[in-house]
Amino acid sequence: MRDPLSALTEGFTSFLFGKVETTRPPVRTSTGQAQAVYLPTAAPGLGDSGVIIGREVYSGKGYIYDPFQLYGQQLPAPHWLVLGESGNGKSALEKTYVMRQLRFKDRQVVVLDAQGEDGVGEWNLIAQALGLTPIRLDPTAALDMGIRLNPLDPAITTTGQLALLRTIIEVAMGHGLDERSGFALKVAHAYVNETIVDRQPVLTDIVEQLRHPEPESAEAMNVAIDDVRAWGLDVALVIDRLVDGDLRGMFDGPTTVGIDLDAPLIVFDLSHIDRNSIAMPILMAIVGVWLEHTWIRPDRKKRIFLVEEAWHIINSPFVAQLFQRLLKFGRRLGLSFVAVVHHLSDVVDGAAAKEAAAILKMASTRTIYAQKADEARMTGRVLGLPRWAVEIIPSLTPGIAVWDVNGNVQVVKHLISETERPLVFTDRAMTESSADHLADDALRAAELEAEERAAAFMEQHLSDLDDSSESTVA
């Protein structure tokens, strides 16, 4: 039984102040309306330091990403792989990401621009907006004193020069150098570096030495001079292609003076090079090694190396091996490598499957735009994506992608400001940008329509709740 004094005290208190405990009557409603009471939840973001990408689709939260801020905590490596078919927003993402990164004073970006029309690459507008001139590698312009990059530039170490020469030859030949050809190349390179001291050695010097080797080269290995000449003949023919073939003028002279390696953005315009020719992977190898030895420095700058059409790198065993070393070395000096590829099958089923797997493993960030169902399943299997993410990839609309940041998987809508729009979408009919432009306009119209529907629904929803709030359940 209750204490009489407590009962009397409670009754007196209720009389003065009203009943202490109240009973809230239930509300009769539908599940469709009641779902608004239980707000959706989403996975935690990546923090608030870095550049804004857009918003997470399911929660509407802002999505911020920066490999330099996340490295060592949430990211084991700062490298990034971007996948997706043309017309879904890869180009727009790359450009806005770079422009936003450049707002930080300690950032520097190199872009290998492999696409373009009207005689310029598609990064030309952005470079001009920053007051910069792209480095246009063009075989025809090179003959008229255009841009040159010297594989034997003294800024590159002797070991780096020899590794680069081997890679150029192996890419062009389609197979590795045998021991005899490698020996002929090594002794020719050593002789040229030892004897030419009053100027930069150039490829013509290597070709000449391979055709006319010194007797000392033969004596060192106790072989006939004619044998050394025969071993180096195929090598000389391959290098001669850079001197007097389809890449003539770009690599057969001293490096062009005036290339500003301290500029915030350095664009190598490769749009005049046939993307399907052997010239492209050779060009990638030369530019990659040249940058490794002249651009990446221990000066505490955070550098981004963005490569479009990156399958030219990943699909060539010899070029891929060079870039593997670049990625491992660059990670210690603050380098984020961004590889843009249309289809993962372009590389994992290619001749460099082993090397491709190693590079993909180093890319802790993966962004996947819309792909066909078969391609999405293969991508999910190779990258280890969760099943739900694989299932939605074929239905993604332009501008929306699945982001996998070291296992943190979210669906993100990329947002573009009105200031960025004229630089990201041009009037030229370029391969991907024009498609992105049309798709983005359609997406904006769809978003406006969706917002109008949501506003109408909420208005009706609130009205229904007012009508039913007085109804109770017995």
Side-chain angles (χ1 to χ4, degrees), residues 50-54 65-68 80 82 84 86-138 141 146-147 258-273 275 283-284 287 291 295 301-310 335-341 367 369 398-399 401 414-441:
V51 298
I52 182 74
I53 298 297
Y65 170 77
D66 191 292
F68 306 110
W80 179 15
V82 183
S86 295
N88 283 286
K90 297 193 307 298
S91 178
L93 174 66
E94 300 158 28
K95 293 174 181 176
T96 56
Y97 174 74
V98 166
M99 288 190 287
R100 294 168 191 178
Q101 281 282 4
L102 289 177
R103 291 187 175 273
F104 296 98
K105 293 183 178 179
D106 64 341
R107 301 292 197 264
Q108 194 180 30
V109 183
V110 162
V111 175
L112 298 192
D113 183 5
Q115 300 190 75
E117 285 186 0
D118 300 338
V120 295
E122 64 173 308
W123 284 78
N124 190 65
L125 274 181
I126 294 175
Q128 287 182 343
L130 295 174
L132 304 171
T133 302
I135 300 171
R136 185 161 296 118
L137 293 172
D138 182 353
I147 298 295
I259 295 178
D260 185 7
L261 294 178
D262 294 319
L265 174 65
I266 305 170
V267 177
F268 286 90
D269 183 349
L270 315 181
S271 60
H272 286 259
I273 309 297
R275 285 182 286 171
L283 193 61
M284 294 278 190
V287 172
L291 287 174
W295 179 56
K301 278 194 175 183
K302 305 296 187 295
R303 291 180 164 88
I304 300 168
F305 186 16
L306 190 151
V307 182
E308 295 185 3
E309 302 292 331
L335 175 69
S336 173
F337 176 67
V338 184
V340 184
V341 181
T367 301
Y369 283 89
H414 174 222
L415 297 179
I416 304 171
S417 70
E418 291 303 319
T419 302
E420 295 168 327
R421 189 170 297 277
L423 300 176
V424 171
F425 301 125
T426 69
D427 292 330
R428 291 176 293 132
M430 295 189 297
T431 305
E432 185 171 333
S433 297
S434 60
D436 285 343
H437 192 177
L438 295 174
D440 194 75
D441 287 344

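The first residue in the sequence is number 1, and the count goes up from there. Only a predicted model underlies this, so the values are computations on that prediction, with no experimental measurement involved.
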Item to check | Single hit among Val338, Ile126, Leu265, Val51 for side chain to side chain contact (heavy atoms under 4.5 Å, CB included) with Val98 | outcome: Leu265
Next on the checklist: Restricting to non-hydrogen atoms, name the atom on Val120 and the atom on Ser271 that form the minimum distance, rounded to 0.1 Å.
Outcome noted: C-OG, 3.7 Å
Checklist entry - Any Lys/Arg nitrogen of Lys302 or Asp66 sitting under 4.0 Å from an Asp/Glu carboxylate oxygen of the other? => result no
Next on the checklist: Does any part of the side chain of Arg107, heavy atoms only, come nearer than 4.5 Å to the side chain of Ser336, both counted from C-beta?
Outcome noted: no
Item to check | Electrostatic pair Lys95:Glu122 at N-O distance under 4.0 angstrom | outcome: yes
Checklist outcome for this item: side chain to side chain donor-acceptor pair (under 3.5 Å) filter on Gln108, not counting sequence neighbours, yields Trp295, Arg303
Checklist entry - Using a distance-only test with no angle check, is there a side-chain donor-acceptor pair under 3.5 angstrom linking Trp80 and Thr367? => result yes
Checklist entry - Quick one: are Val110 and Val287 in side-chain contact, heavy atoms under 4.5 Å? => result no
Checklist entry - Is there a side-chain contact between Ile266 and Asp260, using heavy atoms and a 4.5 Å cut-off? => result no
Checklist entry - Looking only at heavy atoms, which two atoms of Ser417 and Arg100 are closest? And how far apart? => result N-NH2, 4.3 Å
Next on the checklist: Within the structure provided, determine whether Asp106 and Phe68 are in side-chain contact (heavy-atom separation under 4.5 Å).
Outcome noted: no
Next on the checklist: Looking at every non-hydrogen atom in both residues, tell me the closest pair between Met284 and Leu270 and how far apart they are.
Outcome noted: CE-CD1, 4.5 Å
Item to check | Considering all heavy atoms, the nearest Ile135-Ile259 contact | outcome: CD1-CG2, 3.5 Å
Item to check | Straight-line distance of Asn124 CG to Leu132 CG, nearest 0.5 Å | outcome: 11.0 Å
Item to check | Validation row: Leu93, Ile53 side chains within 4.5 angstrom (heavy atoms) | outcome: yes
Checklist entry - Should the pair Phe337 and Phe305 be assigned to parallel (<30°), tilted (30 to 60°) or perpendicular (>60°) ring geometry? => result perpendicular
Checklist outcome for this item: Of all heavy-atom pairs linking Leu423 and Met99, the shortest is CD1-SD, 3.7 Å
Item to check | Flag, side chain of Lys90 to backbone of Tyr369, donor-acceptor distance under 3.5 Å | outcome: no
Checklist entry - Would you find a donor on one side and an acceptor on the other, under 3.5 Å apart, between the side chain of Asp113 and the backbone of Trp123? => result yes
Checklist entry - So, do Ile304 and Tyr97 sit near enough that their side-chain heavy atoms are less than 4.5 Å apart? => result yes
